[in-house]
Amino acid sequence: MHLHNSASERLEPVRTVDGVARLYVCGITPYDATHLGHAATYLAFDTLGRALRQSGVEVDYAQNITDVDDPLFERANATNVDWQELAQEQTDLFRSDMAALRVIPPDSYVRVQDVLVEPADAVGRLVERDLGYAVPTPDADGDDIYFDLAAVEASGLYEPGFVSHFAPERLAEAFVEFGGDPDREGKRSTFDPLLWRAARPEEPSWPSPVGRGRPGWHVECAIIATGALGEHVSIQAGGRDLRFPHHEMSAAHASGLTGKPFADHYAHAGLIAYEGTKMSKSLGNLVLVSKLVAAGHDPAAIRLAVLSHHYREDWEWFDGELDAAAARLDTWRAAAARSEPSPEHAPVQRLREAIADDLDTPAAIRLVDEWAAQERPSAAMRTAVDALLGIRL
Ligand code: ZN
């Protein structure tokens, strides 16, 4: 299995750790249900997990639910609902969407609020090592804690842009876009990320060695990933917008704690627009999986429509895609219905090779189209499409 590595900017074989492919995919913040952008990311890495398992590699897959995070609290406040109820309802909806799309559930599926003591303790350890430092915070009981990136950089375990390859101006833009505060007084360096936010009145908070508060987003993922999978993971994955600051900072936190590089591979899925416009909550143009399913669309057609795009591309969703995918699915199912056992396995082998080549699902789909056009298609392909593409014919 070869996968593009954002860090090296090359196609590289997926490596295992102690014989196991340890996969961490950043999960949702549960305040809006699954839109096609989320679906595309989780379908890409579901395809990766399927391909690895089919080739005989054991996979350990962990994913978090970012249910302790500013956007969730802001949404709960704005709509006057309890944040825990909102998180639970949206987490349930996400899981039912994933089940409808036949995404194989992660082995560890970790809600931040269930393990909060772990990032809290980790922040304490980072402060002990002078990798975390307090910044005066007059509006809170205690102080906010920031992470000293330069200290990890000095140990050779971090370099700005090592995943994103952004130029300095772009690093600055992305840092602010994802809630970073480059100009905060008292920080040692511009891009030092927040490790621990001291409790403010009316905000959810938890105890920690550095006082009451809550963890920053990056340290949540660093601790959940290493807690579930071990100090070194095979693949850190997620949407492409997570390269910086999120994946670089998570890796820096983990390395600060372990003294080792965090991941062998950084894999990223492209971003999805809707009919010419960026899909976003503020524009109100999210295409939700649950709504498509409720409108009577076959989830297998949604899955097929998404997989017909290469996972690394940015692409646009047009409503007509679903009709095209449904028609293709009908053709495939008709072929499956007339398929016969056959000793000929070359088409299935080619399908495996397409997916093993950086998850080339568009090529895989063309091969299944060729199979479906045959007079007497082999039944082996039906099994392979189920196992590798997650589509039952
Ligand atoms: Zn994450």
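We use all heavy atoms of the structure for the numbers below, so side chains are in, but hydrogens, waters and symmetry mates are not. For ligands, and for the atoms within them, numbers begin at 1 and follow the listed sequence. Index from 1, following the sequence.
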- Item | N-O pairing of Arg125 and Asp121 below 4.0 Å | no
- Closest heavy-atom pair, Ala21 versus Thr16, reported as atoms and distance to 0.1 Å, is N-CG2, 3.8 Å
- Message: Tyr266 vs Phe162, test: ring-ring contact (aromatic ring centres under 6.0 Å, His included). Steps then yes/no.
- Response: CA-CA 10 Å; Tyr266 292 84; Phe162 88 103; 5.6 Å; yes
- What one should report as the nearest heavy-atom pair of Tyr311 and Ala44 is CB-CB, 3.6 Å
- For Val135, the other hydrophobic cluster members (4.5 Å side-chain criterion, sorted by chain and number) are Tyr133, Tyr146, Leu194
- Message: Which of the protein's N, O or S atoms come within less than 2.8 Å of the Zn ion (ligand 1), not counting waters?
- Response: Cys26 SG, Cys221 SG, His246 NE2
- Task: Please find out if less than 6.0 Å separates the ring center of His247 from that of His268.
- Result: yes
